[in-house]
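Heads up: the structure comes next, in structure tokens.
Quick caveat: nothing in here was measured; it's all calculated off a predicted structure. First the proteins, then the strands, lettered A, B, ... as listed; each starts at 1. Quick note: numbers below take in every heavy atom, side chains included, and nothing from hydrogens, waters or symmetry partners.
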There are 2 protein chains.
Amino acid sequence: MGLREEKKQATRTALSWAAIRLIVARGYEKVLVEDIAAEVGVSPRTFNNYFGSKAEAVAFRHLDRCERMAEALRARPAGEPLWESIEHVMLETFKPGPEVTAHPRPDREAWAAGLHRMLAVPALQAEYLRAGAMAEAALAEAVGDRTGTDAATNIYPQLVAATMVAAQNVASRNFMAGSDTMRTLLVEALHQITKGLPPPA
Amino acid sequence: MGLREEKKQATRTALSWAAIRLIVARGYEKVLVEDIAAEVGVSPRTFNNYFGSKAEAVAFRHLDRCERMAEALRARPAGEPLWESIEHVMLETFKPGPEVTAHPRPDREAWAAGLHRMLAVPALQAEYLRAGAMAEAALAEAVGDRTGTDAATNIYPQLVAATMVAAQNVASRNFMAGSDTMRTLLVEALHQITKGLPPPA
DNA sequence: GAGAAAACTGCGGGCCACGCATCTTTGCGT
DNA sequence: ACGCAAAGATGCGTGGCCCGCAGTTTTCTC
């Protein structure tokens, strides 16, 4: 497909991004679907042609990121050990992008605060988790292809995918609460998982 | 508090159970909050005093089950290795209860089919995942107490809890899709996880 | 350039979630 | 046993979300 599908993706991304920006600034319940649609220049009705709910629009970026991890995993060199590939891909995925580093300090703190408030909304938490769960399917297939296991019948690739998402969730939760870097948290989490999560001492 | 709180829990449980029964029978969108409230003998307004949404009411039983796992984990003998305790508790939790085995075959199949349709509803998937995530906190604390790690500052117990929930999700998904027993799936999943999820061969 | 397919839009309705005010029940102290 | 204060249950009203439907506009294909 060509220009048509491209426009659609652009609109979808714009809607998701607009939703996030507005909600981070104003708060979830103080942003109406109408506002988001207006920001992008579409009718409110069209918003619901793209997303089944306000929450889904917000979580779309997260879903997209997770699904890209699956692609990135397939792109790793064939000989590389699985967990090295996984670590590389996850670290790459959560490397702070230009939309973060480009802003000056005060902006970034306000953003972090707003983001934190946003992710405290139950409906959003639920939708973020669902996005992760949906991406698990693609992740599992990628892992399956890499390890010669069938994601449909074998639980191994499913477990690996589920564990990746779980590690990511734990890492981001601790990242927002504490002062560690996302990289540190992810590396440590993956390390412990590949060791089989033995009790300390 | 005594009798008062007890009545509340009873009503809450009754509402959740009624929601599940009706939705399994009729489908999510064909059951109104009004119906659930009527089934229990409460006003529709009261329903929303107990649950913030229809989906939350449905997922409540799941949340309760997951939280009980944390309690059960604390109740295991002190000397038992952590992962043995976890396996024991999870197997016990997902042992088919009397509400399943008491029904004759045709009923049980209809129930399974209805349950499958119910869990296909996006809003419900999201809420189930959120319930699991909420229980992770209690689980992590229980693991922390058992291993002498602080769930607030150390990611180890959090990772264990998150992994437990992930294993459970993968197991139940495969249980509903295939013909394996929940026990088999859980044992296999926990085995692979404690081995560090090494790629096969 | 014309027809077909697909997307956007406006309208309308059903339902849900919740704030508020009121009434009823429960627990407790005397 | 009685009554008071706290907490729960209820009714009403409102704002907002989500979606079906039908009509219009845009885009793809030939």
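If you take NZ of B:K54 and C1' of C:dC16, they are 9 Å apart, rounded to a whole angstrom. If you measure from atom CG of B:N48 to atom P of D:dG13, you get 18 Å, rounded to the nearest angstrom. When the P atom of D:dC17 is taken as reference, atom CD of A:E56 falls 15 Å away, rounded to whole Å. Separating the CG atom of B:L32 from the C1' atom of C:dG13 is a distance of 13 Å, rounded to the nearest angstrom. Between the C1' atom of D:dC17 and the CD atom of B:E29 lies a distance of 16 Å, rounded to the nearest Å. Atom CD of B:E6 is separated from atom P of D:dG8 by 15 Å (rounded to the nearest Å).
Side-chain N/O atoms of B:S43 include none lying less than 4.0 angstrom from OP1 or OP2 on D:dA9.
Ion pairing between a basic and an acidic side chain is recognised when a charged N comes within 4.0 Å of a carboxylate O; B:E127 and A:R130 show no such pairing. A salt bridge links A:E92 with A:K95: the closest approach of a Lys/Arg side-chain nitrogen to an acidic carboxylate oxygen falls below 4.0 angstrom.
No donor-acceptor distance shorter than 3.5 angstrom exists from the side chain of B:W83 to the backbone of A:P198, with no hydrogens or angles considered.
With no hydrogens or angles considered, a side-chain donor-acceptor pair links B:R45 and B:N49 at under 3.5 Å. In this structure, a donor-acceptor pair under 3.5 Å is absent between the side chains of B:S16 and B:T13.
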inquiry  = Treating primed atoms plus P, OP1 and OP2 as sugar-phosphate and everything else as base, which nucleotides of nucleotides 20-30 of chain D get B, S or - for protein heavy atoms under 4.0 Å?
reply    = BB-----BS--

inquiry  = Let's go through B:K30 and B:D35 carefully: what are the C-alpha distance in whole Å and the side-chain angles of both, what is the deciding distance for salt bridge (charged side-chain N to carboxylate O under 4.0 Å, His left out) to 0.1 Å, and is it a yes or a no?
reply    = CA-CA 10 Å; B:K30 304 195 85 172; B:D35 302 330; over 6 Å; no

query = Please walk me through it: do A:T11 and A:L15 pass side-chain contact (heavy atoms from CB on, under 4.5 Å)?
reply = CA-CA 6 Å; A:T11 305; A:L15 281 171; 4.2 Å; yes

task = With side-chain contact (heavy atoms from CB on, under 4.5 Å) as the test, would you mind laying out the steps for A:W111 and A:H103 before giving the verdict?
result = CA-CA 10 Å; A:W111 176 264; A:H103 289 284; over 6 Å; no

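Less than 4.0 Å separates DNA chain D from no heavy atom of any residue of residues 9-28 of chain A. Within a heavy-atom distance below 4.0 Å of DNA chain D, no residue of residues 117-132 of chain B is found.
Contact of the B:R76 side chain with the B:E84 side chain is not registered, since no non-hydrogen atoms from C-beta on lie closer than 4.5 Å. Looking at B:T149 and A:P200, their side chains come closer than 4.5 Å, going by heavy atoms from C-beta outward.
Within 4.0 Å (heavy atoms only), B:Y50 reaches sugar-phosphate atoms of the nucleic acid but no base atom.
Nearest-nucleotide positions on DNA chain D place B:P44 closer to the 5' end than the other of A:F47 and B:P44.
Remark: A:R183 fails to qualify as a cation-pi partner of A:F94 under the 6.0 Å distance and 45° angle criteria applied to the six-membered ring.
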